[in-house]
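Working notes, structure below.
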Amino acid sequence: YKSGILFDPPWLMKVIKEKTEKVFKVHSGIVYDGSPRTLPEAEFLYRLLSEIIGTGNISVIEVDVGDEELKKRLAKRLICSKSSNHVFIRSEKLNPGDSCPEGDGVLNERDLDKPELFDTRLSEYRNRTLPGLEFLKKTHSVITVNGEQSIEEVQNDILEAVRTCII
């Protein structure tokens, strides 16, 4: 994982199945962020969700960002040393080594965001993730959001896409 290589699909599919079934015992919907990442995961997840909620209730949103923009954004991303749930954008006020604004700990660069891993991660995306996305586009409609906009605009477009999915 820290080398930029994606997890092994069988292990990940087991985890996804367990967590998905647990969520659907309590809630009527679920959002996956950054998943599925491979063709086997996409096929598996599509079958699983089709059985649980039916294909008419599955929505896919793709955030489309070019390689150079991704590289710039990854170089700016910082996380808290105590909790990677808190993600921040490097700025005049926020730099590696500064105190984390939310909770204790300090701001650090994420291991996966190191420039030397970018080409590996991009290769993993092209060779392993894109086939899964193509599968989903063939079997289902995919809403594409322009990820090169500001964070606020991307968030608004994603929220609008989610709203259209649940209506």
Contact between Ile79 and Leu107 at the side-chain level, heavy atoms closer than 4.5 Å - yes or no?
no
Would a single hydrophobic cluster contain both Tyr32 and Ile52, if residues Ile, Leu, Val, Met, Phe, Trp and Tyr are joined by side-chain heavy-atom contacts under 4.5 Å?
yes
Inspect the contact between Lys14 and Glu18 and indicate whether a charged nitrogen and a carboxylate oxygen are less than 4.0 angstrom apart.
yes
Nearest 0.5 Å, please: how far is CD in Glu153 from CG in Asn146?
8.5 Å
Set out, in order, the CA-CA distance, both residues' side-chain angles and the distance that settles side-chain contact (heavy atoms from CB on, under 4.5 Å) for Phe24 and Leu49, then state yes or no.
CA-CA 10 Å; Phe24 275 107; Leu49 291 175; 3.9 Å; yes
Please check if Val31 and Ile16 belong to a single hydrophobic cluster, counting links between Ile, Leu, Val, Met, Phe, Trp and Tyr side chain heavy atoms closer than 4.5 Å.
no
Rounded to the nearest 0.5 Å, the CG atom of Leu122 sits from the CG atom of Leu117 at a distance of 12.0 Å
Has Thr164 got a side-chain atom pairing as donor or acceptor with Ala161's backbone, closer than 3.5 angstrom?
yes
Tightest non-hydrogen contact, residues Val63 and Gly147, listed as CG1-CA, 3.6 Å
Lys/Arg-Asp/Glu bridge criterion (N-O < 4.0 Å) met for Arg73, Glu69:
yes
Might you confirm whether atom NZ of Lys76 has over 12 heavy atoms from other residues, nucleotides or ligands at distances under 6.0 Å?
no
Salt-bridge test for Asp113 and Lys71: reply yes if a basic N is under 4.0 Å from a carboxylate O, no otherwise.
no
Minimum heavy-atom separation for Gln149 to Val154, with atom names?
O-CG2, 3.8 Å
Least distance between heavy atoms, Thr129 atom then Pro36 atom
CG2-O, 4.4 Å
Are Leu78 and Leu112 linked, directly or through other ILVMFWY residues, by side chains that come within less than 4.5 angstrom of each other?
no
Going by an N to O cut-off under 4.0 Å, is there a salt bridge joining Glu124 and Arg37?
no
If you take all heavy atoms of Pro131 and Leu39, which pair is closest and at what distance?
O-CD1, 3.7 Å
Atom OG1 in Thr38, atom CD in Glu43: separation rounded to 0.5 Å?
8.5 Å
List for me each residue that meets side-chain hydrogen bond (donor to acceptor under 3.5 Å, both in side chains) alongside Arg47, sequence neighbours excluded, and say none if there are none.
none
Go through the steps for Asp64 and Val145 under the test side-chain contact (heavy atoms from CB on, under 4.5 Å), then give the verdict.
CA-CA 6 Å; Asp64 186 36; Val145 170; over 6 Å; no
Give the C-alpha distance, both sets of side-chain angles, the deciding distance and a yes or no for side-chain contact (heavy atoms from CB on, under 4.5 Å) between Asp98 and Val106.
CA-CA 5 Å; Asp98 290 349; Val106 296; over 6 Å; no
I need the Leu70 CG to Tyr125 OH distance, nearest 0.5 Å.
8.5 Å
Could you walk me through whether Glu41 and Leu45 satisfy the side-chain contact (heavy atoms from CB on, under 4.5 Å) test, starting with their C-alpha distance in whole Å, then the side-chain angles of each, then the deciding distance to 0.1 Å, before giving a yes or no?
CA-CA 6 Å; Glu41 290 168 35; Leu45 186 57; 5.9 Å; no
Path from Ile158 to Ile151 over hydrophobic side-chain contacts below 4.5 Å:
no
Donor-acceptor pairs under 3.5 angstrom involving side-chain atoms of residues 87-95: please list them, not counting sequence neighbours.
| from | atom 1 | to | atom 2 | distance (Å) |
| --- | --- | --- | --- | --- |
| Arg90 | NE | Ala75 | O | 3.4 |
| Arg90 | NH2 | Ala75 | O | 3.2 |
| Arg90 | NH2 | Glu109 | OE2 | 2.6 |
| Ser91 | OG | Lys93 | N | 3.2 |
| Ser91 | OG | Leu94 | N | 3.2 |
| Asn95 | ND2 | Ser91 | O | 3.2 |

Could you tell me the separation between the CD1 atom of Ile30 and the CD1 atom of Ile58, rounded to the nearest 0.5 Å?
11.5 Å
Please report the interatomic distance CD(Gln155) to OG(Ser150), rounded to the nearest 0.5 Å.
9.5 Å
Partner residues of Thr55 under the side chain to side chain contact (heavy atoms under 4.5 Å, CB included) criterion, sequence neighbours left out:
Tyr46, Ser50
Would you call Lys72 and Asp67 a salt bridge, taking side-chain N to carboxylate O under 4.0 Å as the test?
no
Donor-acceptor pair, Glu51 side chain versus Leu48 backbone, under 3.5 Å?
no
Within a strict 4.5 Å, meaning less than it, do heavy atoms of the Val162 and Leu159 side chains meet?
no
Go through it in stages, so that I can follow the logic: the residues are Lys17 and Glu21, the test is salt bridge (Lys or Arg N to Asp or Glu O under 4.0 Å), and I'd like the CA-CA distance, side-chain angles, deciding distance and then a yes or no.
CA-CA 6 Å; Lys17 184 177 191 300; Glu21 289 171 344; 2.6 Å; yes
Quick one: which of Cys100, Ser81, Pro96 gives a side chain to side chain contact (heavy atoms under 4.5 Å, CB included) with Asn108?
Ser81
